[in-house]
Amino acid sequence: MGPQEFMMLCVYILSGILGLCVGSYLNVVIYRLPNEMNLSKPGSHCTKCNYSLKWYDNIPVLSYLMLGGKCRKCKAPISPRYMIVELLNAALWLLAVWLYWEANPVYACAVAVCCSALICIFFIDLEHMLIYNRFTLLVALAGVVAAVTQAEGKWYEHLIGGFVGGVLFLAVYYGAIAVLKQEGLGFGDVKYAAAAGLLLGWQRFLLSILIASVAGALVMVISNRVTHADKRKEYPFGPFLVVGTLAALFFGNQIISWYIGLLL
């Protein structure tokens, strides 16, 4: 193994470990932020019996598995979401390193941080139908890094993407109010769309919206048929936007090239 290969191996190992640790903290953010709780105090504890977790109860993934998904003291079940978030964050960090580290470490780090913000957006909006500005801002900052380091002279495509995202969703927002006399989506979605457009550039942003729309439509149709929910029931669009953003961020260029190849 040469020096370059050894260095990359170290980068992968560190990215995976840090990704798991950051994922563990994301669980704190996802739970506490919408409930208006302090993010640092008190320490991690069982929400049922208030048992304060020891350091060995806080090892990402391993502690969940060793405890069998239950509190050590009261044996109350712990949501598998905690382990899912940790694994998902680590996987996305490793994917960012795999795709971008050798060409541009700064962009790879920006993408990793952006992915963590997207995970928070996904789970918080799914449960509380809220998209916090702090996460949208992180996506936008990653977009600035992308425009500066990744655009290869086409930085304006990212600016166009931000403009298209903001204007398109703003039109949908006010259009729904004018026609339906109610909001068709939240204003948080509008701000997120502008940030995602800045991150992806206009071409991949449009692809992300297509993916989000198709995924959202399928999930809502299946959900309504299975649960017989009221057709007027509101669903958060943020999680589908996140799925579309991640797909376009990591595989958008390949998908677009494949589609164009079908047309030629």
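Computed from heavy atoms alone, side chains included, the values below leave out hydrogens, waters and symmetry copies.
Ring to ring, Tyr64 and Tyr82 are not that close: their centroids are 6.0 angstrom or more apart.
Relative ring orientation between Phe187 and Tyr173 is described as perpendicular, the plane-to-plane angle rising above 60° on a 0-90° scale split at 30° and 60°.
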| field | From CA spacing to verdict: side chain to side chain contact (heavy atoms under 4.5 Å, CB included), Cys115, Phe250 | value | CA-CA 11 Å; Cys115 286; Phe250 288 118; 3.6 Å; yes

| task | Assess whether side chain to side chain contact (heavy atoms under 4.5 Å, CB included) is satisfied between Tyr25 and Glu86, documenting all intermediate values. | result | CA-CA 9 Å; Tyr25 180 69; Glu86 291 167 353; over 6 Å; no

| message | With side chain to side chain contact (heavy atoms under 4.5 Å, CB included) as the criterion, how do Tyr100 and Asn104 come out once you've worked through the C-alpha distance, each side chain's angles and the decisive distance to 0.1 Å? | response | CA-CA 6 Å; Tyr100 304 121; Asn104 193 327; 5.6 Å; no

| request: Show your working on side chain to side chain contact (heavy atoms under 4.5 Å, CB included) between Gln4 and Glu102 and close with a plain yes or no. | output: CA-CA 10 Å; Gln4 184 69 19; Glu102 291 191 71; 4.1 Å; yes

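Ala193 and Phe205 make their closest contact through O-CE1, 3.5 Å (heavy atoms, listed as atom of the first residue, atom of the second, distance). The heavy-atom pair separating Leu94 from Gly16 by the smallest distance is CD2-N, 3.8 Å. For the pair Ala140 and Leu198, the tightest heavy-atom approach, listed with the atom from each and the gap, is O-CD2, 3.5 Å. When all heavy atoms of Ala212 and Phe237 are compared, the pair lying nearest together is O-CE1, 3.8 Å. In this structure, Ala76 and Lys48 approach most closely via the heavy-atom pair CB-CG, 3.6 Å. Taking every heavy atom of both residues into account, Leu33 and Leu39 meet most closely at N-CD2, 4.0 Å.
No option in Val29, Asn27, Val22, Asn89 other than Asn89 meets the side-chain contact (heavy atoms from CB on, under 4.5 Å) test with Ile119.
Rounding to the nearest 0.5 Å gives a distance of 9.0 Å between NZ of Lys73 and OG of Ser52. To the nearest 0.5 angstrom, Asp125 atom CG is 6.0 Å from Asp189 atom CG. The CG atom of Leu65 sits 5.0 Å away from atom CE of Met83, with the distance rounded to the nearest 0.5 Å.
The side-chain heavy atoms of Leu199 and His158, taken from C-beta on, include no pair separated by under 4.5 Å.
A side-chain N or O of Ser116 and one of Trp93 form a donor-acceptor pair less than 3.5 Å apart.
Atom OH of Tyr56 is surrounded by more than 12 heavy atoms from other residues, nucleotides or ligands within 6.0 Å.
Using a 4.0 Å cut-off between charged nitrogen and carboxylate oxygen, Glu127 and Arg81 count as a salt-bridge pair.
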